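Structure record follows, encoded as structure tokens.
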Amino acid sequence: MSETAVRAGRVEEITSTANPRIKSIKALALKKNRESEKLFLAEGMKLVTDALATGWRVRTLIHSKKIFDDEKLKSRVEKLSTTVRARGGDVLITNDKVLTSITRRDNAQMVVAVIEQNFASAGEIKCVDNDTWVALDRVRDPGNLGTIVRTADALGAKGVLLIGETTAPFALDAVRATMGSLFHTPIARMSEDEFLKFAANWKSDGGDIIGTHLQGAVDHRQINYAETPQIVLMGNEQKGLTEELSNACTQLAYIAMDGAADSLNLAVATGIMLFEVRRHALKSNDRSH
Ligand code: SAM
């Protein structure tokens, strides 16, 4: 539907945390409500700007009245507000007390948005070129997931695939940790069985699946990542990779360690792997001249 055919959204001023619209927005702090409504919250100018720029559907923009005291901020928020309304979303003007109650933290951002959830389909994960995808087995921690999405985006991975029972990328802590990369990074999800079928096709199309494992047989620095499309498969924070997923890998890589720690944090291990996998593709930013 073109933008002109959409009913323009409304603007409303709300100052009470007991207002029914505010109550339903606050309810999105709970996973079960986010899942039934297929909505989530994003806070701050950057995230809301990124969401709109990448075409995510903003249902409601909520902003503080205080933005009217600052000319620069006012003009930026009014631009966002115009775009949201032109696409059919509503705008709520409110106060610090209401914003704090929505985001559940002091010093709440002046801008918050209610956005429609959006997952990529498995069909979007193409086994082509030298593309890199990150797959996560049952990731539990929202901060880890958000950090991994941000790192995947920064290092040029095509997207993130969630396997099995995982935390959702739309929890407030996960969204915060992505720092806006959520809107630039396709995220798909599938069960372990679906992934195992998908992995068989991926390998028969010439792709690699590099699992990371504390018993991995290969030093992660010894693998040639520059030739094939690859999935970098990371294990669960407590239990590592399941046996079935480990068996589906073309190689199991170990990241060398030299201290007393048993293992690396999942997000850190993913960062180290992705840096090595994408090393040949990363442009040098040598500022020494
Ligand atoms: N107790 C778990 C285990 O036995 O696998 C530790 C899991 S670790 C916190 C989470 C994930 O990070 C691992 O499944 C693996 O994918 C990756 N990882 C962490 N340190 C690693 C290392 N030194 N080498 C390879 N992978 C590592």
Side-chain angles (χ1 to χ4, degrees), residues 125 131-169 171 173-174 177-179 181-182 185-196 198-200 202-203 207-226 228-282:
I125 310 172
D131 285 1
T132 304
W133 286 80
V134 181
L136 304 174
D137 174 20
R138 298 161 298 156
V139 56
R140 306 305 300 175
D141 183 89
N144 274 345
L145 176 54
T147 305
I148 290 169
V149 169
R150 180 180 179 184
T151 309
D153 177 22
L155 295 177
K158 293 289 169 194
V160 175
L161 174 51
L162 304 176
I163 304 169
E165 269 299 304
T166 71
T167 186
D173 286 346
T178 71
M179 296 291 285
S181 291
L182 174 66
T185 311
I187 301 178
R189 52 184 175 172
M190 51 180 83
S191 67
E192 185 178 283
D193 283 349
E194 287 166 337
F195 179 78
L196 291 171
F198 176 88
W202 179 271
K203 288 184 283 186
D208 279 319
I209 301 178
I210 321 278
T212 56
H213 204 291
L214 297 175
Q215 268 78 52
V218 200
D219 183 307
H220 83 294
R221 295 164 296 184
Q222 306 305 322
I223 299 172
N224 177 6
Y225 300 104
T228 55
Q230 70 272 131
I231 293 174
V232 176
L233 177 54
M234 308 298 300
N236 165 270
E237 288 98 331
Q238 276 83 40
K239 299 184 176 153
L241 286 176
T242 64
E243 208 177 319
E244 290 76 9
L245 289 176
S246 302
N247 291 338
C249 294
T250 46
Q251 302 201 64
L252 283 180
Y254 175 70
I255 303 168
M257 298 187 293
D258 191 26
D262 292 337
S263 65
L264 295 156
N265 160 275
L266 170 63
V268 171
T270 310
I272 292 171
M273 275 305 289
L274 281 181
F275 184 79
E276 202 57 33
V277 173
R278 302 288 306 155
R279 181 189 284 272
H280 62 279
L282 297 173

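Only this structure's heavy atoms are used, side chains among them; waters, hydrogens and symmetry mates stay out. From a predicted model like this one, the values you see are computed outputs, not experimental measurements. Indexing begins at 1, ligand by ligand and atom by atom, following the structure's order.
Residue Ala253 touches ligand 1 through its backbone alone, judged by heavy-atom distances below 4.0 Å.
The protein heavy atom nearest to atom 22 (C) of ligand 1 is Leu214 CD2, 3.5 Å. For atom 16 (O) of ligand 1, the closest heavy atom belonging to the protein is Thr212 OG1, 2.6 Å. For atom 24 (N) of ligand 1, the closest non-hydrogen atom on the protein side is Ile255 N, 2.9 Å. Taking atom 18 (N) of ligand 1 as the reference point, the nearest protein heavy-atom neighbour is Ala269 CB, 3.7 Å. Nearest protein heavy-atom contact of atom 11 (C) of ligand 1 is Gly235 O, 3.6 Å. Nearest protein neighbour of atom 8 (S) of ligand 1, counting heavy atoms only, is Leu264 O, 3.7 Å. Nearest protein heavy-atom neighbour of atom 5 (O) of ligand 1: Gly240 CA, 3.3 Å. The nearest heavy-atom contact from the protein to atom 2 (C) of ligand 1 is Gln238 O, 3.4 Å.
Side-chain atoms of Trp133 do not come within 3.5 Å of backbone N or O of Ala157 as any donor-acceptor pair. Glu192 places no side-chain N or O within 3.5 Å of a backbone atom of Leu245 that could act as its donor or acceptor partner.
Residue Asn265 places no N or O, backbone or side chain, under 3.5 Å from any N or O of ligand 1.
Residue-ligand proximity, Met257 to ligand 1, at heavy-atom distances under 4.0 Å covers atoms 23 (N). For ligand 1, the atoms lying closer than 4.0 Å to a non-hydrogen atom of His213 are 24 (N), 25 (C), 26 (N).
Taking all atoms of both residues into account, the shortest heavy-atom contact from Trp202 to Asp208 is NE1-O, 3.0 Å. Scanning all heavy atoms of the two residues, the minimum distance from Pro186 to Lys158 falls at CD-O, 3.1 Å.
Residue Glu194 places its CD atom among more than 12 non-hydrogen atoms of other residues, nucleotides or ligands, all under 6.0 Å distant. Around CG of Asn224, the count of heavy atoms belonging to other residues, nucleotides or ligands within 6.0 Å exceeds 12. No more than 12 heavy atoms of other residues, nucleotides or ligands lie within 6.0 Å of CZ in Arg189, so this atom counts as exposed by the packing criterion.
The closest non-hydrogen atom to atom 6 (C) of ligand 1, taken over Arg138, Met234, His220, Glu237, comes from Glu237.
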Inset, instruction - Quick one: do Arg140 and Thr167 satisfy side chain to side chain contact (heavy atoms under 4.5 Å, CB included)? Show the steps, please. - result: CA-CA 5 Å; Arg140 306 305 300 175; Thr167 186; 5.7 Å; no
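Here the CE-CG distance, from Met190 to Leu196, works out to 10.5 Å after rounding to the nearest 0.5 Å.
For Asn236, the closest heavy-atom approach to ligand 1 falls below 4.0 Å. Under a 4.0 angstrom heavy-atom cut-off, Gly211 registers as lying outside contact with ligand 1.
Side-chain contact check for Leu162 versus Pro169: some heavy-atom pair is nearer than 4.5 Å.
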